[in-house]
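All ligand and atom numbering here is 1-based and tracks the order in the structure. No hydrogens, no waters, no symmetry mates; every other heavy atom, side chains included, goes into these values. Please read all numbers here as calculations on a predicted model, not as lab measurements.
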Amino acid sequence: MFDNSVRSRFIAWISALVAVLTMPEMNLLRADLVVVQNSGFENVAGSVVFNEFTFGPPVGWQIYNPNGIVVNNGVGPQFWVGTLRPSPPTNFFAVPEGQRVAILFNEFGTGNLGEYGLSQTLAATLQANTRYTLEVDIGNIASGTALNGQFFNLNGFPGYRVDLLAGGVVIASDNNSLAGSIPEGEWGASVVQFETTASHLLLGQALGIRLVNLNQVDASAPTADLEVDFDRVRLSATAVPEPSSVMMVGLVFVTGISMRRRRVWEQ
Ligand SMILES: [Ca+2]
Ligand SMILES: [Ca+2]
């Protein structure tokens, strides 16, 4: 059993350890936000504006179109990539950030033709000994009538994926983990985490983010249009101590404790 004196010293050592680990000079356990351009999709310069919608990729983002199905010209199968300025409670009960959200929309009859989405390559590069946390709000849009009077059946949810990339290679994903848990008209929080050690093949390569509509027909709503919405993209990087740093701090810690205990016993 520690007496009060030892307990107070123990607490002092724990406090000192925490202070050391969080010192800026040590660059340990400190989360830095990584710059994501237009992370809330409010900047739609250059897009086609139609009432509450804009069509075309929001500033800073590119259309991800691996199956060649996104045309965005109003002709043929309709796949619309752009933004929506909802008027709650129509479509959504709330907007996570600002006024606009990103939309990945395709009409009934074009489901199951493959995935598509938005992507962005960041200025930041993959760093060693770093924990990355990518957070995105995922929206399950509810059916509603647009300002032009057109009703959209948006029942169900076609599935989503959020990818974190380095050098164009996916290094971590949230593959539709929130499916079935976001009610119509509401938002869920997607989290993707990835941690590097001292070495990784893609260190120094540009980081990237990809937001995907899986475009899967929902069996509970087989005649609905298919849409996933996104907002509030955040990426943080936290330096994690190298094992050698941890061992050094731990050694100092244990040595300090044992010296303190020996002094107490010698009293
Ligand atoms: Ca927004
Ligand atoms: Ca829906």
Arg100 atom O and Glu42 atom OE2 as seen from the Ca ion (ligand 1), angle to 10 degrees: 80°
How many degrees, to 10°, between Gly40 O and Asp231 OD2 as seen from the Ca ion (ligand 1)? 120°
Quick check, are the ring centers of Trp187 and Phe93 under 6.0 angstrom apart?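 Not under 6.0 Å, so no.
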Determine whether the aromatic ring centres of Tyr116 and Phe79 lie less than 6.0 Å apart.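 Yes; Phe79 has its ring centre under 6.0 Å from that of Tyr116.
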Under 3.0 Å: N/O/S of [X] next to the Ca ion (ligand 2):
X      : value
Ala142 : no
Asn155 : no
Gly156 : yes

Taking the six-membered ring of Phe41 as reference, does the cationic atom of Arg100 (NZ for Lys, CZ for Arg) lie under 6.0 Å from its centre and within 45° of its axis? no
Please state the angle at the Ca ion (ligand 2) spanned by O of Ile141 and O of Leu154: what is it, rounded to 10 degrees?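 An angle of 90° at the metal.
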Would you mind checking if Glu97 and Arg232 are paired as a salt bridge, meaning a charged N to carboxylate O distance below 4.0 Å? no
Salt-bridge criterion met for Asp137 and Arg234 (N-O under 4.0 Å):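 Looking at Arg234 together with Asp137, the answer is yes, because their closest N to O distance falls below 4.0 Å.
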side-chain contact (heavy atoms from CB on, under 4.5 Å) partner of Phe157, chosen from Ile141, Leu226, Ile138, Leu178: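 Single pass found, and it is Ile138.
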If you look at Glu184, which of its N/O/S atoms is nearest to the Ca ion (ligand 2)? OE1
